[in-house]
Every structure is written in structure tokens, then in C-alpha cells.
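Lettering follows sequence order; numbering is per chain, from 1.
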Amino acid sequence: MHWLLWSVVIITVLMTTTAWALWLERKLAARMGSRLGPTMVGRHGLLQPIADLLKLLQKEDILPEAADGALFNLAPILTAVFAIATVAVVPFGEGVIAADLDIGVLWVLAFGGLMVIPVWMAGWASNNKFALLGGMRAVAQAVSYEVPLVLASMVPVILAGSMSMTDIVHYQQQHSWIALWPTLPGLPAFLLFLLASLAESNRIPFDIPEAESELVAGVSTEYTGMKFGLFYMAEYIHTLVSSAIGAALFLGGWSGPFAPGLHWMLLKTLGLFVFIYVVRWTLLRFRQDQLMRLAWVWLVPMGLVLVFMAAVVVVWGGA
Amino acid sequence: MSAPQPQHRIELAVHEGEGDLMLVNFGPQHPSTHGVFRIKLLLDGEIVVKAVPYPGFLHRGVEKLAERLTFTQLGPIVDKNDYIAPMTNEQAIFMAFEKLLGIEVPRRARWMRTLFAELQRVASHLLWLGTFALDLGGALGGGATVFLYCFRERELVLDLFEEVTGARFHYNTHTMGGNRHDLPAGYAQKVHATLDVIAARLVEYEHLTSTNRIFDVRTRGVGTISSELALGLGLTGPVLRASGVDHDLRRDAPYGAYDEVPVNVMTETSGDCLARALVRIREMTESIRLARALIDGMPEGPICGAKAIKTPTQFKAASGQVYVGIETPRGELGTYVIAGGNERGAAPYRLKIRPPSYHAMSVLPYVLPGHMVSDVVAILGSLDPIMGEVDR
């Protein structure tokens with residue numbers, strides 16, 4: 001029954017972490033922009049996420065007259081469910097995992113890929129031209145960036161010879177972090193994974209589906225209250241889970257000296273998360289065609305070469 | 001040079017073969033239209049096929065109002081036209097009135113006006129840079145960071161204005177024959193200290209924007225305006241100079257103190273968004289240099305003409321018509337006044353303001369087609385439109 005226990009614990013922790021990750025981002029962004037960020041609710045604004053949540057819950061739930069009601073309501077729920085589903089196979093420590101599937105990596109990639117369907121549903125069902133454009137962009141972007149993401153994730157899979165997240169972390173405990181050694185497919189694969197994750201979770205410089213300066217708010221233009229909140233939450237969970245998976249696949253997961261594994265895993269996850277947000281609050285946004293060109297001309301061939309290298313390392317490197 | 005064919009009568013009915021196009025109302029309630037402005041976009045996927053701009057949402061009837069007010073009452077009214085650089089509006093309108101009435105402006109007042117104009121240019125371009133980054137990078141991301149930095153520095157310039165006029169935004173400091181408020185003691189040091197800070201941080205902004213790879217790919221070759229089109233549509237200011245036309249009223253028809261403090265005019269040749277950005281960023285450095293020279297060489301003397309006009313009866317003799325153009329941060333702000341003589345009393349018979357960004361907007365139907373939706377925002381931002389002066 002321990003998996004059930006861990007599921008409950010992990011989902012609870014994840015939801016709470018997401019709320020305070022939001023607080024962390026707001027503080028970080030504020031400091032970067034020479035502001036203070038939330039200060040009013042609780043010490044250092046620490047209760048701000050709760051206030052935000054309460055505010056969202058109180059907002060009127062508007063269903064546009066011309067919208068497709070069923071799809072419109074289903075989309076945010078599905079987005080949140082898919083985002084949470086990916087966390088099932090993330091190993092936070094030895095045995096601290098909701099479901100140690102032997103196809104863990106595949107599970108994560110599959111649910112990450114599925115995320116685009118509710119987004120498109122929302123874009124279509126809103127019956128709003130800006131939402132439609134946002135949905136179109138989201139699909140195009142997800143289709144492009146799924147490929148390099150899969151290719152980058154294949155490098156640790158090939159090296160470790162297993163799709164189970166736990167096995168990949170064990171492999172790294174016996175050898176070394178994949179991002180460090182073998183450096184040639186390892187480090188570039190990690191960077192490729194990070195880049196593709198940024199695009200997958202719609203973070204700047206790849207946030208063109210919601211591009212608020214162009215498309216108002218993209219797919220979430222027509223959403224209000226908690227439905228908007230679900231999209232928002234899913235986005236943060238996605239980023240958090242992407243960071244956790246990056247840490248597990250490339251940075252040795254829970255392995256590390258002196259401290260319990262869980263601490264190391266959380267530290268690495270948080271490190272990647274903060275990195276993603278520093279990038280977000282520093283860079284400007286790409287245009288859609290430039291994004292596609294980057295994906296298909298550079299990242300996909302690079303991913304193929306890295307997978308090939310990983311195979312070479314496994315066959316001749318004696319890894 | 002022939003003017004471009006007028007294309008503003010674009011038929012918006014969907015023609016044969018255009019059945020698949022999507023009509024998007026870009027604005028007036030859109031975050032990136034720099035105020036309330038509407039563009040009808042006919043989109044083929046993400047590509048703009050037709051663009052029809054509709055200004056007028058901020059029309060306040062300033063020109064008509066001017067026919068009811070005396071000359072001196074108009075300062076605070078025109079302040080609200082170009083609300084990013086309010087001081088230049090006052091300067092333009094009072095320069096026109098002074099020319100009409102033959103009032104001599106003391107040398108110190110001319111220097112002060114020029115100093116304010118240059119500080120105003122720095123503040124205005126800083127705001128432009130911030131909002132342009134916002135257009136390119138989004139309100140929830142790197143753009144917002146640049147935006148906040150630019151506002152931080154703009155505040156410093158506004159502090160300088162506040163010190164002189166008591167107001168941060170709508171100053172009402174120019175008046176007939178000179179200025180209302182004299183510079184306080186120790187003002188030169190404060191100007192230098194502020195400009196030191198801004199000059200140092202401009203280098204950072206260049207790293208965040210013009211030397212940034214993403215900024216480069218988003219602006220290079222986007223929204224190219226040829227010099228023919230720019231001249232044909234009456235574009236002025238940084239937009240014209242970015243298209244390779246070396247034209248700046250500060251140098252070509254000097255007013256204020258520009259005959260004594262020469263201006264280096266910044267030009268670029270490519271005419272795209274990047275060129276417009278570079279011209280503005282360099283103009284900020286140049287304006288900082290000018291402002292330093294102006295505050296250092298500030299002459300002593302009265303700040304308002306000896307025979308300041310106090311009563312409306314003194315206007316009654318005024319008749320005739322004048323046009324005065326000055327170089328605001330956005331280009332040539334023209335003021336055309338016809339005085340009514342005794343029949344109209346102390347009010348202008350007709351006031352016509354030629355706002356530079358209204359003319360800049362007229363380029364949209366020509367350059368937008370063929371670009372993507374993301375570029376629409378970039379091009380609009382690069383023109384630096386201020387709806388207050390577009391619609392008046």
C-alpha cells in the first residue's frame with residue numbers, strides 16, 4: 001500500500017509546493033526588476049498564494065455565450081490532471097515514488113505530450129480568435145518540441161538501459177551524473193532537455209502560445225476564476241515536474257553526500273526551477289517561425305546525433 | 001519623388017479567394033496598442049494580408065477647444081496631447097504664439113526650454129524602450145524587467161522636472177515669452193548626478209536589448225520602411241532617420257539654444273525595427289551630452305520676456321498665421337495658428353497641431369502586410385505612437 005500513501009503525500013506536497021513556487025517566482029521576479037514583490041499578506045508576503053487562491057475562487061465563472069460549454073469546462077480540468085499525472089513516476093528518494101513504472105520516462109513524455117490536447121480544446125472551445133491563434137501556436141510548438149525532448153530523454157535511457165526513473169538514478173549513483181559523464185552526449189543532452197522543457201511548459205523565450213502582448217492571453221483569454229487558476233496551476237506544476245525530471249534524468253536524482261536523498265532531489269529540482277524563472281524574467285520572446293526553425297533545423301538533428309553518440313558509448317565505451 | 005499610392009481605402013469586404021482569411025480586431029482593448037487604438041487585421045493563418053488602422057478613440061477636441069480659450073490658457077490643455085513628453089507640447093505651442101505676437105524670449109528661457117526638451121527626450125525614449133521590450137518580451141517575463149528598469153530611470157528625470165515645476169507630469173511651466181519657474185539652486189549638480197546614473201545604465205539596457213540575440217532576430221528586417229515611403233507619408237523623427245534620411249529640425253532649422261549647442265544627428269539606413277531602436281538608444285546618449293552642455297552653459301538673466309502679456313486685451317491686435325515645427329522625441333510637432341485679430345478676441349481663430357506619431361501610424365497599412373501577428377506588435381511599438389497626440 002506504500003504507493004498509495006506516497007501518491008497522497010506527493011500530490012499534497014506538489015500542490016502546496018506549486019503555490020509557494022509561485023510566491024518564490026514573484027519574489028525573484030520582483031528582485032530582478034528592482035521591486036519588492038508581495039509584502040502585505042503575512043511575513044514577506046508568504047501567505048500571498050492563499051490570498052491569490054481565495055481571490056480566484058471568488059471570481060465570477062463566465063461561460064462565453066458562443067463557447068462550446070462541455071469542451072470549455074473540460075479543458076482546464078484535463079490540463080491539471082495531465083500535469084499532475086506526470087509526477088507519478090518522479091522519484092523523490094529511494095522508494096519515495098508514487099508509481100515506479102518500468103516505462104517511467106515514456107509515461108512522463110506521453111502525458112507531457114497529451115497536455116497539448118486540452119490546450120487546443122480550450123483554444124477551440126473559447127470561440128475567440130485570440131484563443132484560437134494561441135491554440136494553433138501551442139499545437140505547432142508542442143509538435144516541434146516534443147521531438148527534441150524525446151530525443152534528449154533517450155540519452156539517459158540508452159545509457160542506463162532502462163526506462164524506469166529509479167533505474168536511471170541507480171545507474172547515475174553507480175557511475176556519475178549523466179550531465180557530467182560521459183560529457184559528450186550527457187551535457188548537451190541535458191541542455192537540450194532544458195531548452196525543450198522550456199518550450200514544452202511555455203516559458204519565455206518560448207511562451208508564444210500565450211504571448212500576452214500579442215494574443216491578449218492566448219488560450220486562457222476567455223477563462224475566469226478557478227478555471228483560469230487551473231491553467232495557471234498546471235503551468236507551474238508542469239514547470240516544477242520538468243525540473244524534477246531533469247534532475248532525476250541528468251543530475252543524479254536523489255544521490256548526493258551528507259544529506260538525505262530527498263533533500264538533494266528537492267534542492268536540484270528547485271535549482272532548475274529557479275534557473276527557468278531567471279531565464280523567463282531576463283529574455284525576450286521568439287517569434288513563432290523562429291521557434292520552429294530553431295527546433296527543426298538545430299535541435300532535432302542535434303538530438304539525433306546525441307542519441308547516436310549515446311549508442312556508441314554504450315556499445316564501445318563499456319559503460 | 002512621387003508619393004505612394006494612397007491605400008487607405010482598403011475594401012474590407014471579403015473578396016473571392018479571401019474566404020479563408022480571418023478578421024481580427026486588434027484593439028482597441030488590446031494590451032499592446034499603446035493606448036486605445038484599433039487595427040483591423042485580415043489574417044491568413046498568422047500572416048497579415050491587410051491592415052486597416054482606426055485611430056480616434058482618444059479624441060478630445062483639443063483643436064476646437066483652442067478656439068474658445070485665450071492663448072495663455074492653452075498650455076495645460078496641450079500638455080495632455082503627447083503625454084509621454086508633455087513639456088514639448090507646451091514648447092511648440094508657445095513658440096508659435098510668440099512668433100505670431102512677435103514676443104522676444106530671453107536667452108536663459110530659451111536655454112532652459114532646450115534643456116527640458118532634451119531631458120524630456122531621454123525620459124520619453126526610456127519609456128519607449130521599456131514598452132517596446134514589453135511588446136517583444138511580454139508583460140510576464142524579460143520585457144517586464146526591462147520595462148521596470150526604464151521606469152526607474154525615467155522617474156529620476158521626472159524628479160528633476162518636479163524640482164523645477166512642482167509637477168511630475170503636466171508641468172504647465174512654459175508661458176508666453178518664457179518660463180514660469182526658474183531653476184532652483186544647485187540644480188546643475190542634480191542634473192549631472194541623474195545623467196551619470198542614466199548614462200551608466202544605458203549600457204545595461206543595450207545588453208538587454210540591442211545586443212541581445214533574441215532582440216536582434218525579432219527586430220532585424222521587420223517592418224522595413226523605405227526612405228521613399230517615409231518621406232511620402234510625412235514621417236519624421238527617429239522613424240525617418242532610421243530609414244536613412246538625415247533630417248532633424250534641431251540641426252536643420254535651429255530653435256531655442258540649438259544654434260549655440262550643435263546636435264549630432266543619429267541615422268541608420270536599414271529602416272527596420274532594429275534601426276529605429278538603435279536610433280533612439282543613440283539619441284538618448286546624445287541628449288545626455290546635450291543636456292550636460294546646456295546646464296553647464298546656462299546663461300544668467302530673466303526667464304520671461306520683459307513685456308509679459310497678462311491681459312487678454314493685449315492679444316486682440318494679433319492677426320496673421322504662423323507655422324512652427326519643433327523636433328519632439330517622436331518627430332516634427334507642428335503648430336499652425338491663425339489669429340483672428342479683433343473679431344475673435346484673445347483666442348486663436350484656428351489651431352492645427354501636426355502630431356508626429358499620427359503620421360508615423362499612417363505607415364501601418366503599407367508595412368504590416370506580409371508580417372506575422374507577433375511582428376504587428378513589434379512594428380507598432382517601434383513607431384512609438386502616443387494616442388493622446390494621434391487623436392488629440
### Part of A:Y277 within contact of chain B (heavy atom distance under 4.5 Å)
neither
### Task
Side chain from CB out, backbone as N, CA, C, O: work out which of these in B:V376 comes under 4.5 Å of a heavy atom of chain A, or both, or neither.
neither
### Summary
Of all heavy-atom pairs linking B:D135 and A:R285, the shortest is O-NH1, 4.2 Å
### Task
Keeping the roles fixed (side chain from B:T145, backbone from A:W281), state whether a donor-acceptor pair exists under 3.5 Å.
yes
### Query
Above 12 or not: heavy atoms from other molecules or residues under 6.0 Å from CH2 of A:W120?
yes
### Query
Under 3.5 Å, is there a donor-acceptor pair between the side chain of B:Y149 and the main chain of A:S34?
no
### Task
Please examine the side chains of A:R293 and B:V217, heavy atoms only from C-beta on, and report whether any two atoms are closer than 4.5 Å.
no
### Separation of A:R137 CZ from B:S374 OG (nearest 0.5 Å)
4.0 Å
### Query
Heavy-atom distance under 4.5 Å between the side chains of B:D375 and A:R287, does that happen here?
yes
### Query
More than 12 heavy atoms of other residues, nucleotides or ligands under 6.0 Å from CH2 of A:W20: is that the case?
yes
### Task
Tell me, yes or no, whether the heavy-atom count around B:Y358 atom OH, taken from other residues, nucleotides or ligands under 6.0 Å, exceeds 12.
no
### Query
Got a donor-acceptor contact below 3.5 angstrom from the A:K129 side chain to the B:M22 backbone?
no
### Query
Hey, does A:L284 have a side-chain heavy atom less than 4.5 Å from the side chain of B:R218?
no
### Query
Are more than 12 heavy atoms from other residues, nucleotides or ligands located less than 6.0 Å from atom CZ of A:F275?
no
